[in-house]
Amino acid sequence: MARHLITSALPYINGIKHLGNMVGSMLPADVYSRYLRQRGHDVLYICATDEHGTPAELAAKEQGLPVDEFCAQAHDAQKAVYDGFALAFDYFGRSSSPQNVEITQHFARRLNENGFIEERAIRQVYSPADGRFLPDRYVEGTCPHCGYDKARGDQCENCTRVLDPTDLINPRSAISGSTDLEVRETKHLFLLQSKLQHEVEAWVSRHEADWPQLASSIARKWLNEGLHDRAITRDLDWGVPVPADTWPELAAEGKVFYVWFDAPIEYIGATKEWSDLDPENRDWKSWWYEADDTVRYTEFMAKDNVPFHTVMFPATELGVREPWKKVDYVKAFNWLTYYGGKFSTSQKRGVFTDQALDILPADYWRYFLIANAPESDDSSFTWEHFTATVNKDLADTLGNFVNRVLSFSKKRFGEEVPQGSAAGEAEAKLGEQIAELLAEYEAQMEALQFRKAAAALRALWSAGNSYLEEKAPWLEIKTDKDGAALTLRTAMNLIHLYAVVSEPFIPASAKVMREAFALSDDTATWVSPEEAKALAAVPAGTAFTVPPVLFAKLTDDDLAAYKERFGGQEA
């Protein structure tokens, strides 16, 4: 089987992420990873917290903590939420790790040796009160376009205009609040992306036809506009230090690499973190170095991250002139909105992942988010849509099927799967239908079409309900007890099938369904369409239990409470 390397965009360290972040990268990567593992592939799913940059320093200052301590606490808090969502990372690392420092500095040295890094003098805001140069986000002031008085030196969050610190009216230091600011000359390192333009274009041309249109169109737009040389260092206390053996003057000034230079390298760094925990059995380089023919690499991200992963990081990898693995497939997502407006971490707009888990178990969210993933265009989260989906798909179609089959069989036949008569025409027809729907589900998962895969999974669940309604064992038992037993035995086999194939979407509920049956040799990781036809994985005589209700139906009172807590429309 193939080796699959999977990464999702690194969640930034500053704050718990909202549902849009979850569905835009980590959750679909987890669903795909779980599916591939079930199909027998060798999978490595890597992610990490992105810990450098000005927001981390500012957030630490706001909490009165040293930045390293703030990041350590925030990493643990985020990891706890991802564990709650049952994200099965093989490793969840930290971009501040020694491994990332080592590899980032190696990349920088190699780029410099190959003529792709240049030291340039630029003019930058300096704060005498703070005794330091201020990166763009360390300068705040009034936006010249909309008058918002908390605009940052890189962008106004209110009107979204891109800014330069010198554009701001009444600029002030975000550290001290001082308005005594100067513009001074300082030196920074620039990655000469312009020299790599043609190589990046050639590389993108070899891959873009296979990528989703969203990813390829964004990459092509950036290339058509031309790659510009980009500053890759900043004046910060927290970050990967510029190596003193190569740039002694800048190192003495405390320059660190820009977060967007070291963050993608952390995919490699986190893999080394994972490997270093068990070096005798884990080889990080086999996944990343000279691995083009042995590893298929898939990246998951929202559309704002696409340029960095399809243009900038490939430029870095190409420039080091070493055979580092580059992405094969970029799965890009549009935005999930909250009632048509943007989720916002800073403005606390929308549902955040820790809050979601306070309300309902992870499987409710996992299924809804993937079934409504913003693949072809933006999709909107509304509480009305969420409750309707939970009630229709999870509570009624799947949960009610499981409960009524097992409860009715226990009541009429006891706590073992009944034997009944031999399978007949209805069961043969059902087997063919299930095989066809399962093949469709597999095809959509292989194609990374998550909404279509969810629709195919929902159709599998619906097929069981249609069969049950057609056979109506609650009526059948009055005239044909063996026929009713056959119907229930067949339905129980469907439950087991659902448990196996639904695991990527709803792992906790799938485990409960599977454990309802006391099968001593239940080791199957997947069921092929051909195997599914027989519907015979759970033989007669198998003991079973009726599990608690899988999915509670959400009421009008629940809907009203959610809307009152979070707001029923964009804030």
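No side-chain heavy atom of L87 sits under 4.5 Å from any side-chain heavy atom of F92. Between R37 and S33 there is a side-chain heavy-atom pair separated by less than 4.5 Å. When side chains are defined from C-beta on, L44 counts as touching W274, because their heavy atoms get closer than 4.5 Å. Side-chain atoms of W203 and R206, non-hydrogen and from C-beta on, do get closer than 4.5 Å to each other. Under the 4.5 Å side-chain criterion, counting only non-hydrogen atoms from C-beta, K331 is not in contact with P28. At a threshold of 4.5 Å between non-hydrogen side-chain atoms, the residues T298 and D328 do not count as touching. Two residues are said to be in side-chain contact when any heavy atoms from C-beta on lie closer than 4.5 Å; E442 and Y35 meet this criterion. Considering only heavy atoms from C-beta on, V417 stays 4.5 Å or farther from S409 through its side chain.
Partner L554 forms a side chain to side chain contact (heavy atoms under 4.5 Å, CB included) with one of L360, I359, L394, L559 and no other, that one being L360. Under the side chain to side chain contact (heavy atoms under 4.5 Å, CB included) rule, F544 has a single partner from V405, I495, L406, which is L406.
Between F386 and F381, the ring planes are tilted. Angles from 30° to 60° get that label.
Atom OG in S462 sits 9.0 Å away from atom CG in L437 (nearest 0.5 Å). Atom CG in L27 sits 8.5 Å away from atom CZ in F450 (nearest 0.5 Å). Distance check: E427 CD to T490 OG1 gives 4.5 Å after rounding to the nearest 0.5 Å. Taking CD from E273 and CD1 from I268, the interatomic distance works out to 12.0 Å, rounded to the nearest 0.5 Å. Summarising the geometry, atom CG belonging to L475 is positioned 11.0 Å from atom OG1 belonging to T487; distances are rounded to the nearest 0.5 Å. Atom CZ of R296 and atom CG of D42 lie 15.5 Å apart (nearest 0.5 Å).
No more than 12 heavy atoms of other residues, nucleotides or ligands sit less than 6.0 Å from atom CD of E530. Applying the 6.0 Å contact sphere to CD of Q213 captures no more than 12 heavy atoms from other residues, nucleotides or ligands. The number of heavy atoms from other shown groups lying within 6.0 Å of NZ (K303) is above 12. Around atom CD of E415, no more than 12 heavy atoms belonging to other residues, nucleotides or ligands sit under 6.0 Å away. For R412, the CZ atom counts as loosely surrounded, since its 6.0 Å shell holds 12 or fewer non-hydrogen atoms of other residues, nucleotides or ligands. Annotation for N224: atom CG counts as buried by contact number, over 12 foreign heavy atoms lying within 6.0 Å. Counted within 6.0 Å of NZ on K326, heavy atoms from surrounding residues, nucleotides or ligands total more than 12; the atom is thus considered enclosed.
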Q. Taking it one step at a time, do E425 and K429 satisfy salt bridge (charged side-chain N to carboxylate O under 4.0 Å, His left out)?
A. CA-CA 6 Å; E425 184 178 337; K429 178 183 174 183; over 6 Å; no
**Q.** Residues R458, T389; criterion side chain to side chain contact (heavy atoms under 4.5 Å, CB included); working and verdict
**A.** CA-CA 11 Å; R458 186 188 310 119; T389 300; over 6 Å; no
Q: Tell me, with the steps shown, if H75 and I13 meet side chain to side chain contact (heavy atoms under 4.5 Å, CB included).
A: CA-CA 7 Å; H75 170 86; I13 194 66; 4.2 Å; yes
Q: Any chance you could lay out the side chain to side chain contact (heavy atoms under 4.5 Å, CB included) test for I506 and F551, step after step, and finish with the verdict?
A: CA-CA 11 Å; I506 47 172; F551 299 100; 4.2 Å; yes
Q. Between S376 and R451, does a side-chain hydrogen bond (donor to acceptor under 3.5 Å, both in side chains) hold up when you go through it step by step?
A. CA-CA 10 Å; S376 58; R451 292 180 74 148; 5.4 Å; no
Q: Please report the C-alpha distance between W287 and I46 in whole Å, then the side-chain angles of each, then the deciding distance to 0.1 Å, and finally whether the side chain to side chain contact (heavy atoms under 4.5 Å, CB included) criterion is met.
A: CA-CA 11 Å; W287 290 94; I46 294 292; over 6 Å; no
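In this structure, Y498 and G464 approach most closely via the heavy-atom pair OH-N, 3.2 Å. Minimum interatomic distance between A454 and Y367 (heavy atoms only, all atoms of both residues): O-OH, 4.3 Å. Taking each heavy atom of L468 and P473 in turn, the nearest pair found is O-CD, 3.7 Å. Between L357 and V81, the shortest heavy-atom distance links the atoms CD1-O, 3.7 Å. Scanning all heavy atoms of the two residues, the minimum distance from A219 to T310 falls at CB-OG1, 3.4 Å. Heavy atoms only, all atoms of each residue included: V501 and L438 are closest at CG1-CD1, 3.8 Å.
Listed by chain and number, the residues in a ring pair (Phe, Tyr, Trp, His ring centres under 6.0 Å) with F517 amount to none (sequence neighbours excluded). Contacts of Q433 classified as side-chain hydrogen bond (donor to acceptor under 3.5 Å, both in side chains), with partners at least two apart in sequence or in another chain: none. Applying the ring pair (Phe, Tyr, Trp, His ring centres under 6.0 Å) rule to F308 yields the partners W260; only residues at least two apart in sequence or on another chain are considered.
For W461 and F505, the ring centers are positioned 6.0 Å apart or more. Here W211 and Y329 keep their ring centres 6.0 angstrom or further from each other. Two rings, from W335 and F343, have their centers 6.0 Å or more apart. Two rings, from W288 and Y297, have their centers less than 6.0 Å apart.
Under a 3.5 Å cut-off, the side chain of T49 and the backbone N or O of R94 do not form any donor-acceptor pair. Judged by distance alone, the side chain of R39 and the main-chain N or O of W526 form no donor-acceptor pair under 3.5 Å. Here the side chain of H41 pairs no donor or acceptor atom with the backbone of V43 at under 3.5 angstrom. Using modelled atom types, one side-chain atom of T387 and one backbone atom of E384 make a donor-acceptor pair closer than 3.5 Å. At least one donor-acceptor pair closer than 3.5 Å links the side chain of D30 to the backbone N or O of A88. S275 places a side-chain N or O within donor-acceptor distance of the main-chain N or O of R282, the cut-off being under 3.5 Å. Panel note: side chain R3, backbone S286; a donor-acceptor pair is recorded below 3.5 Å. Panel note: side chain Q38, backbone T525; a donor-acceptor pair is recorded below 3.5 Å. Panel note: side chain Q78, backbone G15; a donor-acceptor pair is recorded below 3.5 Å. Formation of a donor-acceptor pair under 3.5 Å by the K325 side chain with backbone atoms of V295 is found in this model.
With 3.5 Å as the limit, one finds a donor-acceptor pair spanning the side chains of D558 and T555. Side chain to side chain, S509 and D363 meet the donor-acceptor criterion of an N or O pair below 3.5 Å. Between the side chains of Y45 and S8, a donor-acceptor pair is found at a separation under 3.5 Å.
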